[in-house]
Amino acid sequence: MSDGERAVTPVPTPAACGRVPADPPVVEATGITKRYGPTVALDDARLTVRPGETHALVGRNGAGKSTLVSVLTGLQTPDAGTVTFGGMPAPRVADRDAWRERVACVYQKSTIIPTLTVAENLFLNRHGRGRAGLIGWSALRRRATELLTTWSVDVDPQTPAAELSVEQRQFVEIARALSFGARFIVLDEPTAQLDAAAISRLFDRIRDLQRQGVTFLFISHHLQEVYEICDTVTVFRDARHILTAPVADLPRTELVAAMTGEAAADRAGERASSVDTSGAPALSVTGLAGETYADVTFRVRAGEIVGLAGAAGSGRTEIAETVVGLRAAATGGVEIAGRRPRPGSVPAALAAGAGFVPQDRHHEGFVPDMSIADNGTLSVPGRLGRHGFISAGRRDRLAREMIANLAIKTPGPELPVSGLSGGNQQKVVMARALADHPRLLVLINPTAGVDVRSKEFLLGKVEETAGSGTGVLIASDELDDLRMCDRVLVMFQGRVTTEINRGWHDHDLVAAMEGVDLNA
């Protein structure tokens, strides 16, 4: 086993949960392997969840959690391995009713239909019909009332679902799952959109349902919640099972170590500092507040690389998008290279001196059917001609410079971007961000979904850009994206909570991102 790995047999939760140790697992997945082309999403993975417990499944992005959930809920068939419920083989994938009787998942994005009432959502496609073939609405509302009362969900069944809070929608989804007969519920990031009071109420409901014989698989980026609500924790890393242990017996440092594994090659000492403190900052953010973040203030100097780290829902992505005008803050200000662009305006941010690599290249980074030349020069029409006319010759010359500078593998600038590999597509997006020699380069998850060689090249280009005097802001939760940073600002629940200088250890950064106090 590699460092951080530890084989621990899952330990049953206390007998107060209403079972005996001899009971078979609620669910047991063994030897699960799942591939998508050359990508291995699960590699001989396993999970055992005992009756009556709340079992945490944690791991960094890409660890295999979502793929395992899709296998456990019958949405995907594994290439190898077995799944059993209560000791019996899982149903055929096509038998959806049988799956609903065994397991349900309450996703971070609600599946409740807002235009229907609570009662209609609870019994969707199960309304029941009277002698004339008509739906008996009184009977439906009565059944909904009985169901909600049984599971202590305080919601009027006649309420339109659109009027429910996020917390209420979750409780309705749990009640709907229980109405099929399932007593095993997967909660996928259930606290991501809840405030502290709602999280406390959710945890109280989980404990109540545990006492009634319901078992939970709890998926969360916030390790503090794992220690508060869960009995057992399983860690996945790089598509494999790493560790399963009782939460009470697992020190937080060991849990973080299991999630991170061995540190990747350290880039921290490779970059000579090129920070210029004499002039105006490349970026000055003052008192920003919005829907997902509050009181955020920081600076990025010319030539400085600053990381903005945090788990999902921390606010890091929203801050970066606010800086480049994709969002407008409710209060506070953004200044780029001494200029204050109009809030909520991407053109204004670009004109002030920003270059931008967005989070999702497929939906925000390029137009698939347009050529490399057109995609790469979208942000610099003024360099291609006068009075709104574009010179194809100028465009193609600039595109060839981009192709050479970013080492884009293509037969020519006329090729549609859709014909490139993922790494080369990301290089086109980076090329456009650098096309106007920005004073500030903002990148969100800049190496997501690219191969190792392209990843190293892109990060090297970021270092090179900073070396020329450009300030860089990298918003990411990928450790390799952050290693080159002079400083990393860690966000948790919408606020900057920690600043870590270059030379950090994986344990310290991940713990800060997950809101874990390693000294607790």
Side-chain angles (χ1 to χ4, degrees), residues 1-17 19 21 25-30 32 42-66 68-69 72 184 186-191 199 202-203 206-207 210 215-263 311-312 477 479 490 492 498 504-520:
M1 292 186 180
S2 63
D3 290 348
E5 293 193 3
R6 173 174 141 198
V8 182
T9 302
V11 176
T13 51
C17 293
R19 58 178 178 78
V26 168
V27 65
E28 185 168 30
T30 306
I32 304 296
L42 288 173
D43 184 7
D44 195 32
R46 65 182 188 273
L47 176 74
T48 300
V49 181
R50 299 286 176 181
E53 72 179 357
T54 294
H55 191 121
L57 177 62
V58 301
R60 309 284 296 146
N61 287 347
K65 305 187 301 295
S66 297
L68 182 67
V69 168
L72 295 182
F184 173 48
V186 180
L187 299 177
D188 184 12
E189 296 289 346
T191 65
I199 291 172
L202 173 65
F203 286 179
I206 289 174
R207 295 184 185 101
Q210 270 188 291
T215 300
F216 291 94
L217 180 64
F218 185 88
I219 301 173
S220 178
H221 278 93
H222 302 312
L223 301 189
Q224 192 66 41
E225 296 173 355
V226 171
Y227 282 89
E228 183 174 349
I229 191 63
C230 296
D231 306 299
T232 308
V233 59
T234 288
V235 178
F236 274 25
R237 187 178 74 239
D238 299 330
R240 294 181 63 87
H241 172 277
I242 299 299
L243 174 152
T244 295
V247 171
D249 296 345
L250 186 64
R252 299 176 191 219
T253 52
E254 288 192 28
L255 178 55
V256 173
M259 292 175 61
T260 58
E262 296 181 355
D477 63 351
L479 302 189
V490 181
F492 183 74
T498 309
W504 42 265
H505 193 282
D506 288 10
H507 286 59
D508 298 323
L509 184 61
V510 171
M513 290 166 63
E514 306 289 354
V516 173
D517 182 358
L518 294 179
N519 297 315

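Any value given below was found using the heavy atoms of this structure, including those in side chains, with hydrogens, waters and symmetry copies removed. Residues take their numbers from the sequence shown, with the count starting at 1.
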Quiz item: Are Leu68 and Leu42 close enough, and set up right, to give a side-chain contact (heavy atoms from CB on, under 4.5 Å), and what steps lead you there?
Solution: CA-CA 7 Å; Leu68 182 67; Leu42 288 173; 4.2 Å; yes

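- By the 4.5 Å heavy-atom criterion applied to side chains, Leu479 and Val510 are counted as neighbours.
- Expressed to the nearest 0.5 Å, how far CD1 of Ile32 lies from OG1 of Thr30 amounts to 7.0 Å.
- Considering OG1 of Thr253 and NE2 of His507, their distance stands at 6.5 Å, rounded to 0.5 Å.
- Within 6.0 Å of the CG atom in Asp44, the count of heavy atoms belonging to other residues, nucleotides or ligands exceeds 12.
- Pro25 and Pro51 get closest at one heavy-atom pair: CA-CD, 4.2 Å.
- Tyr227 meets the side-chain contact (heavy atoms from CB on, under 4.5 Å) test with Val247, Leu250, Arg252, Leu255; sequence neighbours excluded.
- When side chains are defined from C-beta on, Asp188 does not count as touching Val69, because their heavy atoms never get closer than 4.5 Å.
- Between atom CG of residue Leu57 and atom OG1 of residue Thr234 there is a gap of 6.5 Å, rounded to the nearest 0.5 Å.
- Val49 pairs by the side-chain contact (heavy atoms from CB on, under 4.5 Å) definition with Val27, Leu47, Glu53, His55, Phe184, Thr215, Leu217, not counting sequence neighbours.
- Here the shortest heavy-atom pairing between Lys65 and Gly59 reads NZ-O, 2.8 Å.
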Practice problem: Applying side-chain contact (heavy atoms from CB on, under 4.5 Å), run through Phe236 and Ile242 and close with a yes or a no. | Solution: CA-CA 5 Å; Phe236 274 25; Ile242 299 299; 5.9 Å; no

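- Looking at heavy atoms from C-beta onward, Glu228 lies in side-chain contact with Phe203 at the 4.5 angstrom threshold.
- Taking every heavy atom of both residues into account, Ala258 and Leu243 meet most closely at CB-CD1, 4.2 Å.
- Counting heavy atoms from C-beta outward, Arg50 and Val26 have side chains that stay 4.5 Å or more apart.
- Here Thr498 pairs with Val490, Ile500, Ala512 under the side-chain contact (heavy atoms from CB on, under 4.5 Å) rule; sequence neighbours left out.
- Taking Asp43 as the reference, Arg240 meet the salt bridge (charged side-chain N to carboxylate O under 4.0 Å, His left out) condition, with sequence neighbours excluded.
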Quiz item: Thr244 and Thr48: side-chain contact (heavy atoms from CB on, under 4.5 Å), yes or no, with the steps?
Solution: CA-CA 9 Å; Thr244 295; Thr48 300; over 6 Å; no

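- Residues satisfying the side chain to side chain donor-acceptor pair (under 3.5 Å) criterion with Glu225, sequence neighbours excluded, are Thr191, Ser220.
- Side-chain contact between Ile206 and Phe216: present, with at least one pair of heavy atoms (C-beta onward) separated by less than 4.5 Å.
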Quiz item: Passes side-chain contact (heavy atoms from CB on, under 4.5 Å), Leu223 versus Met259? Steps please.
Solution: CA-CA 11 Å; Leu223 301 189; Met259 292 175 61; 3.7 Å; yes

